[in-house]
There are 2 protein chains.
Amino acid sequence: MNGLTIGKIAKQAGVSSDTVRFYERCGLIEPAGRTDSNYRIYREEDIVRLSFIKRAKDLGFSLSEIRVLLSLSHDPGTTKADVKRITGEKAEKIRRKIKDLTRILEALEQLNELCDGHGPADDCPILQSLNRESGGQCH
Amino acid sequence: MNGLTIGKIAKQAGVSSDTVRFYERCGLIEPAGRTDSNYRIYREEDIVRLSFIKRAKDLGFSLSEIRVLLSLSHDPGTTKADVKRITGEKAEKIRRKIKDLTRILEALEQLNELCDGHGPADDCPILQSLNRESGGQCH
DNA sequence: CTTGACATTGGACCATGGTCAAATGTTTAT
DNA sequence: ATAAACATTTGACCATGGTCCAATGTCAAG
């Protein structure tokens with residue numbers, strides 16, 4: 001038999017068979033060919049595409065962003081600028097997210113420093129601060 | 001009438017009425033008292049609790065973490081160390097998340113620098129890199 | 001030939017944090 | 001008195017990214 005079963009490409013790409021079927025359902029990958037016994041059958045190129053998805057996901061792209069990336073990568077009219085825009089926007093999103101988290105972290109650390117960690121919590125400055133609106137405004 | 005309707009405390013705390021009812025369903029806030037006409041009725045202290053939830057959420061706590069925080073804050077046996085442990089763990093989680101995102105961001109920026117952004121994408125280094133396993137391993 | 005490991009399908013379900021709709025009742029303002 | 005603006009309930013639904021299940025079929029090894 002030439003061609004891979006779903007379990008094989010799944011393993012190659014580092015995802016589960018369920019996930020491969022899920023991606024097919026979502027239209028992220030083409031419906032696979034079938035054997036006589038109705039098993040999905042894949043070619044080497046399918047590993048490439050699936051791995052593309054996996055790597056992009058590891059880079060923080062959502063499935064819908066990956067869909068765009070994939071369609072760009074298969075459209076001969078796509079320019080480098082198109083691709084760069086997508087990755088640049090994603091980078092910007094991640095930068096914003098990091099900024100948000102950093103702000104939150106700082107607030108949390110400040111809160112943590114207020115409290116010496118000894119004794120009963122009835123006068124815990126952390127709880128007090130959550131109960132009063134005194135603390136730094138978020139948003 | 002003394003007491004606030006759901007719309008009023010919702011506004012005071014900066015959430016929607018739906019959200020207040022949702023919090024009640026989840027057990028995050030006690031079932032409110034009722035008027036004769038079955039309207040929920042709240043006291044000033046309820047604004048405090050609801051605002052506590054809102055502020056904690058803005059600090060990145062999940063509802064289940066907030067549940068813990070709230071029960072700690074109402075248990076007289078709670079020590080400052082208990083509270084500090086929760087906020088410290090949360091801070092640590094956020095630090096990890098920031099680290100992850102930073103790693104991803106760096107990979108994305110590297111990818112972005114590979115590409116000059118001019119011309120057709122058929123030889124776009126970003127797409128090429130997503131298609132080959134050469135790029136930096138994630139995880 | 002049997003057993004185990006794989007495949008198929010449809011559909012339910014997980015967590016998260018709500019949001020929205022419909023049908024109905026109440027309060028308030030004019 | 002009537003309309004607008006609020007409230008109630010039940011229950012469905014949103015996105016995200018799958019995971020798990022049962023019932024059934026197929027394939028390969030011994």
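These numbers come from the heavy atoms of this one structure, side chains and all, not from hydrogens, waters or symmetry mates. Just so it is clear, the structure is predicted and the values come from calculations on it, not from any experiment.
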Please produce a list of atom pairs where a protein N or O lies less than 3.5 Å from an N or O of nucleotides 3-5 of chain C.
none

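- Residues of residues 11-25 of chain B having a heavy atom closer than 4.0 Å to DNA chain C, listed by number: Ser16(B), Asp18(B), Thr19(B), Phe22(B), Tyr23(B), Arg25(B).
- Using a cutoff of 4.0 Å between basic side-chain nitrogens and carboxylate oxygens, Lys54(A) and Asp58(A) are scored as salt-bridged.
- Residues passing the side chain to side chain donor-acceptor pair (under 3.5 Å) test with Glu24(B), sequence neighbours excluded: Arg40(B).
- With sequence neighbours left out, Ser71(A) forms a side-chain contact (heavy atoms from CB on, under 4.5 Å) with no residue at all.
- Along DNA chain C, the nucleotide nearest Leu63(B) and the nucleotide nearest Arg34(A) are compared for position; the residue whose nucleotide lies closer to the 5' end is Arg34(A).
- Among the atoms of the strands shown, none is found under 4.0 Å from any heavy atom of Ser64(A).
- Applying the 4.0 Å criterion to OP1 and OP2 of dA7(D), one finds that Thr5(B) has a side-chain N or O inside that range.
- For the pair Asp46(B) and Arg43(B), the salt-bridge criterion is met [side-chain N within less than 4.0 Å of a carboxylate O].
- One finds a side-chain N or O of Arg40(B) lying less than 4.0 angstrom from the OP1 or OP2 phosphate oxygen of dT9(D).
- When rounded to the nearest whole Å, the span between CG of Leu50(A) and C1' of dG18(D) equals 14 Å.
- For Asp75(A), there are no salt bridge (charged side-chain N to carboxylate O under 4.0 Å, His left out) partners two or more places apart in sequence or in a different chain.
- Protein atom OH of Tyr42(A) is 11 Å distant from nucleotide atom C1' of dA7(C), rounded to whole Å.
- One atom, CG of Leu4(A), and another, P of dA7(C), lie 11 Å apart when rounded to the nearest Å.
- The separation between Ile6(B) atom CD1 and dG18(C) atom P is 14 Å, rounded to whole Å.
- In this structure, the side chain to side chain donor-acceptor pair (under 3.5 Å) partners of Asp123(A), at least two apart in sequence or on a different chain, are Lys80(B).
- At dG18(C), one or more side-chain N or O atoms of Lys57(B) fall inside 4.0 Å of OP1 or OP2 (strictly under the cut-off).
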Compile the donor-acceptor pairs under 3.5 Å between side chains in residues 60-67 of chain B and protein atoms, sequence neighbours left out, one pair per line.
from, atom 1, to, atom 2, distance (Å)
Ser62(B), OG, Ser64(B), OG, 3.3
Ser62(B), OG, Glu65(B), N, 3.2
Ser62(B), OG, Glu65(B), OE1, 3.3
Glu65(B), OE1, Ser62(B), N, 2.7
Glu65(B), OE1, Lys90(B), NZ, 2.8
Glu65(B), OE2, Lys90(B), NZ, 3.2
Glu65(B), OE2, Lys93(B), NZ, 2.9
Arg67(B), NH1, Cys26(B), O, 2.7

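- Applying the salt bridge (charged side-chain N to carboxylate O under 4.0 Å, His left out) test to Glu89(A) and every residue at least two apart in sequence or in another chain returns Arg85(A).
- Ile41(B) places its CD1 atom 13 Å from the C1' atom of dT26(C), with the value rounded to the nearest Å.
- Residue Asp36(A) contributes atom CG, which lies 12 Å from atom C1' of dT26(D) at whole-angstrom precision.
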I'd like a table of donor-acceptor pairs (distance under 3.5 Å, sequence neighbours excluded) in which one partner is a side-chain atom from residues 108-122 of chain A, with atom names and distances.
from, atom 1, to, atom 2, distance (Å)
Glu109(A), OE2, Arg95(B), NE, 3.3
Glu109(A), OE2, Arg95(B), NH2, 3.0
Asn112(A), OD1, Thr87(B), OG1, 2.7
Asp116(A), OD1, His118(A), N, 2.9

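- The side chain of Ser37(B) places no N or O atom within less than 4.0 Å of a non-bridging phosphate oxygen (OP1 or OP2) of dG25(C).
- Look at CG on Asn38(A): it is 17 Å from P on dT24(D), rounded to the nearest Å.
- Here the P atom of nucleotide dT16(C) and the NZ atom of Lys93(B) are 10 Å apart, to the nearest Å.
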